[in-house]
Amino acid sequence: MGLLSGSASLTRFTITERPEEPDFDALRFEPLLGTSERRESVGFLPFEIDAPYRVGHDRFAFRVRIDKLRPDPTAVAERFKELVRDELAATGLQYLGSRKRRELRELAAEELVHRTAPRAKVIEGCLDGTTLWLGTTAKAHLGSLLLLLRQLGVSADFRAPWLEEGEDEPQHPFFEVREPGQSVWGCRFLRALVEEGDVLVEPLAGSVRLQTREAKVTLSGAVIPELLRFVDEGAELLSARLVAGDHRFRLEASTFRVNGLSVETARHDHWTELLDERLEKISALFELLDAKYRELRPRMTDAETPVPVEDEPEG
């Protein structure tokens, strides 16, 4: 799932600093060689072989390839058992100390890693004026990508309406902020969006995640009756599959990231024309959500999660 084809998963950033023409080739991807001691290789590639990174007046399209060598953990565990057995037989010991066991586990992984093919992951991205688009919502990858871009002189901050408005994070009885850009304001926005009705929860094949005081809850199918009940009881909406005009997507509310966005396009003779159209439609969706946030913001202040009052002990 990326910027150029298929359903899109997207995280949007505001670029705070960048050179006029980033030198992506300075950190070009280099494949892992069989004789190398490296276990991971990360670097930039163009969208097409030998294609330029610049695809417009102030637009640069790139891919980041991540190759990792990770031996199968089950195979490592089995080889480790064999090494322990051989060590006990050779030394006549009844058991091995923790230091020796750690050495043997590392040896098992080292033996197997050179017989393992690297696992490859490719993530598409685009510098578009003052906006950075990354074709992933996985926080495990976002930090690595931002660090790689920083090495090129490109700095970017997570972008969400509450960050642009300088909103203070409200106190909350059970929602906890755990990553950059995350906020309960996003959950409040999704609740207001659903209650307003212009943007709809997928009615038949819906999918919603909520957080209550006790647990996280996932609903699927015809979710609306149960969704309304949970919201009335003070649950926060974490994500939902939504329909907005021609757009069908999942909004990860607290981080303002979009997953599974279907983008219908015309046929094009060149991939840059396809990218232009897809980015135009992606931008239109985020602009719609930004505008809706500003419109619905006044009612979100009144949507504070009710805190139950404990019964006073009897005299």
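A cation-pi arrangement is not found for R188 relative to W162, the charged atom failing to lie both closer than 6.0 Å to the ring centre and inside a 45° cone about the ring normal. Figure legend: cation-pi geometry between R105 and F80, with NZ or CZ positioned under 6.0 Å from the six-membered ring centre and within 45° of its axis.
To the nearest 0.5 angstrom, H247 atom NE2 is 8.0 Å from K281 atom NZ. With values rounded to the nearest 0.5 angstrom, L275 atom CG is found 11.5 Å from E280 atom CD. The CZ atom of R191 sits 14.0 Å away from atom CZ of F230, with the distance rounded to the nearest 0.5 Å. The distance from the OG atom of S144 to the CD atom of E40 is 6.5 Å, given to the nearest 0.5 Å. Note that the CZ atom of F47 and the CZ atom of F60 stand 13.5 Å from one another [nearest 0.5 Å].
Annotation for R18: atom CZ counts as buried by contact number, over 12 foreign heavy atoms lying within 6.0 Å.
Using a 3.5 Å distance cut-off with no hydrogens or angles, the side chains of S254 and Q182 do pair a donor with an acceptor. Counting only N and O atoms by type, the side chains of D157 and T14 include no donor and acceptor under 3.5 Å apart. Between the side chains of E169 and S183, at least one donor-acceptor pair of N or O atoms lies under 3.5 Å. Side-chain contact annotation: T131 with R159, donor-acceptor N/O pair under 3.5 Å present. At a cut-off of 3.5 Å, with distance as the only test, a side-chain donor of R250 or S239 sits close to an acceptor on the other residue.
Between the side chain of D72 and the main chain of A75, a donor-acceptor pair closer than 3.5 Å is present. Of the possible polar contacts, one joining the H270 side chain to the T272 backbone as a donor-acceptor pair under 3.5 Å is found. A distance-only check finds no donor-acceptor pair linking the side chain of R294 to the backbone of R297 [under 3.5 Å].
Among all heavy-atom pairs drawn from Y293 and W185, the shortest one is OH-CB, 3.7 Å. Listed here is the closest heavy atom pair of E236 and C187: OE1-CB, 3.6 Å. Of all heavy-atom pairs between L3 and R278, the closest is O-NE, 2.6 Å. For L251 against F189, the heavy-atom pair with the smallest separation is CD2-CE2, 4.2 Å. Counting all heavy atoms, side chain and backbone alike, A156 lies closest to F13 at CB-CB, 3.8 Å.
In this pair, F62 and F24 present their aromatic rings parallel. The plane angle is below 30°, not in the 30 to 60° band.
Residues T218 and V208 fail the side-chain proximity criterion, which asks for heavy atoms closer than 4.5 Å.
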Practice prompt. Check the pair N259 / S9 against side chain to side chain donor-acceptor pair (under 3.5 Å), numbers first and verdict last.
Written response: CA-CA 4 Å; N259 275 313; S9 293; 2.9 Å; yes
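Just one residue in the list K139, R257, R209 forms a salt bridge (charged side-chain N to carboxylate O under 4.0 Å, His left out) with E252, and that residue is R209. In summary, of the residues considered (L132, T11, V64, V42), a side-chain contact (heavy atoms from CB on, under 4.5 Å) with L145 occurs for V64 alone.
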